[in-house]
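Just so it is clear, the values below take in all heavy atoms, side chains as well, and ignore hydrogens, waters and symmetry mates. Throughout, residue positions are numbered sequentially from 1 according to the sequence presented.
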Amino acid sequence: QVQLVESGGGLVQAGGSLRLSCAASGRTFSTYAMGWFRQAPGKEREFVAAISWTGGNTKYADSVKGRFTISRDNAKNTVFLQMNSLKPEDTAVYYCAEGRARYGLGSSHQYEYDYWGQGTQVTVSS
């Protein structure tokens, strides 16, 4: 089975930065696309960013484009989300997810992911 563990969340002021990490185990990480999603209180879980299995393709939600960067280190079985210029509306639980099929290009759709981490809380104060 696949296990994903997020870390790096916390409380920051608006305009600050955080880097989230997601460590994967259980299968060959380097052949699967990875994604980040988030869920704010009272809202549905939404797409944030995704990266292809090679790391050569990325995509972002319009709300975070230009501020967040997704990357991966296949040697360490880890995917990252660098979050800059944080806003209060970025406050949410952030979830790491691994794609359901090998060689994925990275999808914004939740149904394309089979495995999910426990989530890490990001709180941005004004």
When you compare the side chain of Leu20 with that of Met83, does any pair of heavy atoms fall below 4.5 Å? yes

Rounded to the nearest 0.5 Å, how far does CD of Gln82 lie from OG1 of Thr69? 7.0 Å

Basic-acidic side-chain contact under 4.0 Å: Lys65, Asp62: yes

Sub-4.5 Å side-chain heavy-atom contact between Gln121 and Thr91: yes

Does Gln118 offer a backbone N or O that forms a donor-acceptor pair with the side chain of Glu6 under 3.5 Å? yes

Should the ring pair Trp53 and Tyr103 be called parallel, tilted or perpendicular, given that the plane angle runs from 0 to 90° and is split at 30 and 60? perpendicular

Check the hydrophobic clustering (I, L, V, M, F, W, Y; side-chain heavy atoms under 4.5 Å; chains of links allowed) and say if Leu4 and Leu81 are grouped together. yes

Return the CG to OG distance between Asp73 and Ser30, rounded to the nearest 0.5 Å. 11.0 Å

Nearest heavy-atom contact between Gly106 and Ala33 is N-CB, 3.5 Å

For the residue pair Asp90 and Phe68, establish whether any side-chain heavy-atom pair is separated by less than 4.5 Å. yes

With a 4.5 Å limit on heavy-atom distance, are the side chains of Trp36 and Val79 in contact? yes

Single-linkage hydrophobic cluster Met34~Tyr115, side-chain heavy atoms < 4.5 angstrom: yes

Filter on salt bridge (charged side-chain N to carboxylate O under 4.0 Å, His left out), then keep only pairs touching residues 10-33, sequence neighbours left out; what's left? Arg27-Glu98

Is Arg72 close to Phe80 at the side-chain level, that is, under 4.5 Å between some pair of heavy atoms? no

Tell me the closest heavy-atom pair linking Val122 and Gly9, and the distance in Å. CG2-CA, 4.2 Å

If you look at every heavy atom in Val12 and Ser17, which pair is closest and at what distance? CG1-O, 4.0 Å

Would a distance-only check, ignoring hydrogens and angles, find a side-chain to backbone donor-acceptor pair under 3.5 Å from Lys59 to Ser108? no

For the atom pair CG (Asn74) and OG1 (Thr31), what is the distance rounded to the nearest 0.5 Å? 9.0 Å

Hydrophobic cluster membership, Tyr94 vs Val2, 4.5 Å side-chain cutoff: yes

In terms of heavy-atom contacts, Ser126 and Pro88 come closest through CB-CG, 3.9 Å

Can you check whether Lys76 reaches Phe29 side chain to side chain, under 4.5 Å on heavy atoms? no

Run the ring pair (Phe, Tyr, Trp, His ring centres under 6.0 Å) test against Phe37 and tell me which residues pass, sequence neighbours left out. Phe47, Tyr113, Trp116

Only residue of Gln39, Arg38, Gln110 satisfying side chain to side chain donor-acceptor pair (under 3.5 Å) with Glu46 is Arg38

How would you list, by chain and number, every residue that makes a ring pair (Phe, Tyr, Trp, His ring centres under 6.0 Å) with Tyr60, sequence neighbours excluded? none

Contact summary for Ser107 and Ala50, nearest pair of heavy atoms: O-CB, 3.6 Å

